[in-house]
Amino acid sequence: MQPISTTFFDRPVLDVARDLIGTILLVDGVGGPLVEVEAYDQTDPASHTFNGPTPRNAAMFGPPGHAYVYKIYGIHWCLNFVCQPGSAVLIRALEPTHGAHLMSERRGGLPTRQLCSGPGKLCQALGVTIAHNGMPLDTPPFQLLPGEPAEINTGPRIGITKGVETPWRFVLRNSPFLSKPLPRQ
DNA sequence: CCTGTGATCGTCT
DNA sequence: GACGATCACAGGT
């Protein structure tokens, strides 16, 4: 199988987000298949790009297939994959299959299900920081590899106060590694 | 199972 | 000066 190229990301963000579920993300060889992501674009009041370019969100207006990393609540890092200008996919959770020992060490020995079950936890487990902001995703330390076909469910996004109804959260159906289950319908 | 809260600081108004 | 695409822990059900 070929690694995923940056042209994969030069498509509508909703298509990319859906297709990312099941894709294997590794950072310096550590990670696993993505089980939860969210889409954001410039028309969306919850997006960092809603009010146009700023120094922080510059990577989201740069080339597709690069990382956008920012710090939230003064504490945690969050990793996004940049798509078409002003849009990106927030990487929220993965199944920790590669480098589990290192992830556990970085996460204080917490149980496997809690190693990467949230955007801040995932960055801590994979060692992602602002140093990765703007880096291409088809070049070390990043690796993106195709995974198995996935059954996907959608729902509203987590932790936002605007655009709360927009169902742009994509999850692997029945995964035990999500940050939260989908709401009951 | 659930809800509430403190931590902590960069970013933008 | 206010707030945020979060997390861990505490406490009650």
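The chains referred to below are lettered A, B, ... by the order of the sequence lines, with proteins before strands, and numbering in each begins at 1. Because only heavy atoms are used, hydrogens play no part in the values below, and waters and symmetry mates are left out as well, while side chains stay in.
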Q: Grab the CG-C1' distance between A:Leu178 and C:dT6 for me, whole Å please.
A: 16 Å
Q) Relative to the 5' end of DNA chain C, which residue comes earlier, A:Arg107 or A:Met60, by the nucleotide with the nearest heavy atom? A) A:Met60
Q. Just how far is it from atom CG of A:Asn80 to atom CZ of A:Arg92, taken to the nearest 0.5 Å?
A. 11.0 Å
Q: For A:Arg92 and C:dT6, give me the distance from atom CZ to atom C1', rounded to whole Å.
A: 8 Å
Q. Nearest-Å distance, OH (A:Tyr73) to C1' (C:dA2)?
A. 13 Å
Q. Which is true for A:Ile160 with a 4.0 Å heavy-atom rule: it touches a base, it touches only sugar-phosphate, or it touches nothing?
A. sugar-phosphate
Q: Tell me what A:Arg56 touches on the nucleic acid: a base, only sugar-phosphate, or nothing, going by heavy atoms under 4.0 Å.
A: sugar-phosphate
**Q.** Interatomic distance, A:Ile72 CD1 vs C:dG4 C1' [rounded to whole Å]
**A.** 4 Å
Q. For A:Ser179 and A:Glu36, does a side-chain donor sit closer than 3.5 Å to a side-chain acceptor?
A. yes
(Q) Regarding A:Leu110, tell me which of base, sugar-phosphate or nothing describes its non-hydrogen contacts under 4.0 Å with the strands shown. (A) sugar-phosphate
**Q.** Side-chain touch A:Leu126/A:Leu25, heavy atoms, less than 4.5 angstrom
**A.** yes
Q: Quick one: stems involving DNA chain B, counted as three or more successive Watson-Crick or G-U pairs, both distances short of 3.5 Å.
A: B:1-7 with C:6-12, B:9-12 with C:1-4
Q: Please state whether the phosphate of C:dA8, meaning OP1 or OP2, lies under 4.0 angstrom from any side-chain nitrogen or oxygen of A:Lys121.
A: yes
Q: Can you tell me the distance, in whole Å, between the CD atom of A:Gln114 and the P atom of C:dC9?
A: 9 Å
Q. Quick one: is A:Ser179 getting a side-chain N or O under 4.0 Å of the C:dT6 phosphate, OP1 or OP2?
A. no
Q | Under-3.5 Å donor-acceptor pair between A:Tyr70 side chain and C:dA5 base | A | yes
Q.
A:Glu38 and side chain to side chain contact (heavy atoms under 4.5 Å, CB included): which single residue from A:Ile158, A:Ile91, A:Val89 fits?
A. A:Ile158
Q: Give the nucleotide from the list C:dG4, B:dC12, C:dC7 with an atom nearest to the side chain of A:Thr161.
A: C:dG4
Q. How close or far is atom P of B:dT13 from atom CZ of A:Phe50, stated in whole angstroms?
A. 12 Å
Q | Gap between atoms CG and C1', on A:Asn133 and B:dT11 respectively (whole Å) | A | 14 Å
Q. Run the ring-ring contact (aromatic ring centres under 6.0 Å, His included) check on A:His48 and A:Tyr70 step by step: do they pass?
A. CA-CA 10 Å; A:His48 289 177; A:Tyr70 67 93; 4.5 Å; yes
Q. Residues in salt bridge (Lys or Arg N to Asp or Glu O under 4.0 Å) with A:Asp41, at least two apart?
A. none
Q | Lys/Arg-Asp/Glu bridge criterion (N-O < 4.0 Å) met for A:Arg11, A:Asp19 | A | yes
**Q.** Shortest side-chain distance from A:Ile75, nucleotide among C:dG4, C:dA5, B:dA7
**A.** B:dA7
(Q) Without decimals, in angstroms, what is the distance between A:Leu90 CG and C:dT6 C1'? (A) 11 Å
